[in-house]
Amino acid sequence: MQSKSAKYLTDRNEYLIQLSQPGKEWDILVIGGGASGLGIALDAVARGYSCLLVEQADFAKGTSSRSTKLVHGGVRYLAQGDVRLVREASIERGLLHRNAPHLVKDQTFIVPVYSLWDRLKYTIGLKLYDRIAGKLRLGPSVFISRKETIKKLPALQTKGLKGGVLYHDGQFDDSRLAINLVQTIRENGGDAVNYIKVVGLLKSGNGKTNGVTCVDTETNRPFTFAAKTVVNATGVFVDDILQMDKPGSEKTICVSQGVHIVLDKSFYPSSDALMIPETSDGRVLFAVPWHDKVVVGTTDTPVDEASLEPKALEKEIDFILDTAGSYLNNKPKRSDVLSVFAGLRPLAAPQNGEQKTKEISRSHKIIVSPSKLFTILGGKWTTFRKMGEDMVNKIEKEMHWPHKKPGSAALHIHGYSIDANWSDPFYFYGSDAALLRRQINGTVDQWLSEELKIHEQQVIWAVNHEMARTVEDVLARRTRALLLNAKESRRIAPQVAAIMAKTLGRDEQWKEQQLKEFNELAEQYILKSE
Ligand SMILES: Cc1cc2nc3c(=O)[nH]c(=O)nc-3n(C[C@H](O)[C@H](O)[C@H](O)COP(=O)(O)OP(=O)(O)OC[C@H]3O[C@@H](n4cnc5c(N)ncnc54)[C@H](O)[C@@H]3O)c2cc1C
């Protein structure tokens, strides 16, 4: 990564020209730098294929930075009877916990119990959840008494409480994992570039897809990349690429929006997460400790339009505040919300009998178009690696390539470190934390944000080592400032812009434009009080 990122920094254009050299042909070209695309590129390079991944915005700008931050088997899918998905996700949860121990932690969850029936249902259900995971389970589930539940969850309302069922799942930092995956892909011989938008597909004489035309959204320069196979891993935008392949193609996905709010830890001062399996309208609600705050969500609202920056609906915010308020002693108000973020689930279009978006299976699907464009639909962050493996297997089969053994199941992700100290503000850098600290060199108390523990060296690090190109890249995805406290992220944005401009060699006009764009964006994450 070091040499490649230095090249990327000093002459991005030169790097792009090298990637698109005449005569150069990639084995696999992946469109989309979210969980799905990264999983496919990871598997491709682990098998030794040449692979280029292009992302129109920043890596994980789409859904993949807006999840509930769970690496989970999916208790909800068990309730829906989807044992195969739970088994697959539980295995992947275990593998990711092994391969990225600096980012994925064993998180205990408590389901509060209000009746004997609840106790039986959740104890038996969660024991089954443990069994399905087999050796890769993170820890055993147990029933805990009312007294112990109250001790562990002091913020929980106690009226009618009979006890709780404690179980284990994984918790992670989604966009940090995406960045570390980009680094892993590049370190294993692959290439990945952000701010490159695919605008067309290239076809051979016999109508087969053999490359893409793109635009560098930083410079508006066009580029062409030739490839033996092209994969469409664009999440909620898959149908746009399918239209490029065959205008008039039928819709393959439907879009469901999920919203989270972030609150101060004082609303939920526990290290155990809260899981409400059935809210008033039958949804699941989580309160998960994350980076010294608590993330509460999510909703499941069908929406018509796919967007890179979806907006939380008022009714979704009200629902989360009301539902959280009915379980917590200290009811959160709009003015308590530090940040609100929305993400879009790219769900494979419903099958017969499925009506509501919450009922549509979260398992992934692969479509092979007559032009041999490969498209992946649906899935979860948790299963991104398996999705990648399935896609490369499919490509080998369809293209009649000899099968190569998949190698991502035991591949350590960049930053791998087993010494995670979750209370260290730099824990998410894993093995890079020591290098970063060396650059900080004794100035660790000079934070840009004392509250969010963001240091100016992290900004420089993000540009030099993590391909950050904009203020938003640094404040939303290299650090999580925008999601953790949107007002605070807006406060430090001018300093971040100044440091970036210096590091990237940009002028005053760039700085002003960046600030304007970031401030407009941050507005969406800040709730207006009534
Ligand atoms: C609210 C919510 C909560 C969730 N919580 C969890 C959870 O806790 N755990 C879990 O396992 N899963 C969770 N999921 C599911 C998971 O987040 C998604 O399945 C996953 O992030 C989807 O990744 P993706 O790569 O398919 O899509 P995306 O992340 O959206 O990536 C697609 C990318 O393609 C790019 N792209 C689009 N068009 C082009 C183009 N023309 N050229 C180049 N690039 C292009 C986009 O910019 C985008 O970055 C959640 C989903 C939601 C919505």
Side-chain angles (χ1 to χ4, degrees), residues 29-41 53-74 76-77 85 89 92-93 96 104 107 169-175 177-178 181 192-201 212-217 225 230-244 253 255-260 273 284 286 288 290 295 297-301 303 306-310 312 316 320 341-348 357 362-364 375-388 477:
L29 186 142
V30 181
I31 315 173
S36 310
L38 291 165
I40 295 161
L53 177 147
V54 290
E55 162 56 51
Q56 67 176 348
D58 186 25
F59 305 112
K61 160 75 182 174
T63 304
S64 298
S65 56
R66 302 154 188 275
S67 76
T68 314
K69 328 296 178 203
L70 304 181
V71 180
H72 59 160
R76 171 178 38 177
Y77 315 126
L85 176 61
E92 290 305 312
R93 177 187 68 183
L96 192 55
V104 180
Q107 171 71 57
D169 244 328
Q171 197 263 336
F172 79 132
D173 186 317
D174 48 13
S175 70
L177 178 60
L181 284 170
V193 201
N194 47 4
Y195 296 101
I196 296 291
K197 181 180 170 112
V198 168
V199 290
L201 299 175
V212 294
T213 51
C214 301
V215 172
D216 176 359
T217 61
F225 299 109
V230 175
V231 179
N232 173 12
T234 53
V236 289
F237 302 99
V238 285
D239 286 328
D240 295 351
I241 304 290
L242 285 165
Q243 288 296 328
M244 290 177 196
I253 57 153
V255 179
S256 155
Q257 174 158 296
V259 165
H260 294 89
V284 176
F286 289 101
V288 186
W290 190 57
V295 177
T298 178
T299 53
D300 201 332
T301 316
V303 289
S307 147
L308 260 187
E309 202 46 77
E316 293 178 292
I320 298 175
F341 59 93
L344 301 179
R345 292 181 190 87
L347 301 177
T357 52
R362 263 47 170 175
S363 55
H364 57 278
T375 298
I376 192 146
L377 309 177
K380 289 151 56 94
W381 237 127
T382 307
T383 53
F384 81 99
R385 191 211 63 83
K386 180 68 169 51
M387 291 163 68
R477 291 170 294 276

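Counting begins at 1 with the first residue of the sequence. Counting convention: from 1, in listed order, for ligands and their atoms alike.
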* Look up atom OG1 in Thr217 and atom CD1 in Ile196, then write down how far apart they are to the nearest 0.5 Å. => 7.0 Å

* Ion pair Glu55/Lys61, N-O distance below 4.0 Å -> no

* Only counting residues at least two apart or in another chain, list the ones meeting ring-ring contact (aromatic ring centres under 6.0 Å, His included) with His72. => none

* Asked: How about Tyr195 and Asp58: do any of their side-chain heavy atoms sit closer than 4.5 Å?
  -> yes

* **Pairwise distance NZ(Lys197) to OG1(Thr234) - rounded to 0.5 angstrom** => 10.0 Å

* To do: Take Asp174 and Ser64 through the test side chain to side chain donor-acceptor pair (under 3.5 Å) and record every step on the way to the result.
  => CA-CA 6 Å; Asp174 48 13; Ser64 298; over 6 Å; no

* Structure fact -> Less than 4.0 Å from some atom of ligand 1, heavy atoms are found in residues Ile31, Gly32, Gly33, Gly34, Ala35, Ser36, Val54, Glu55, Gln56, Gly62, Thr63, Ser64, Arg66, Ser67, Thr68, Lys69, Leu70, His72, Ile196, Lys197, Val198, Ala233, Thr234, Gly235, Phe237, Ile241, Gly258, His260, Thr298, Leu308, Gly343, Leu344, Arg345, Gly379, Lys380, Trp381, Thr382

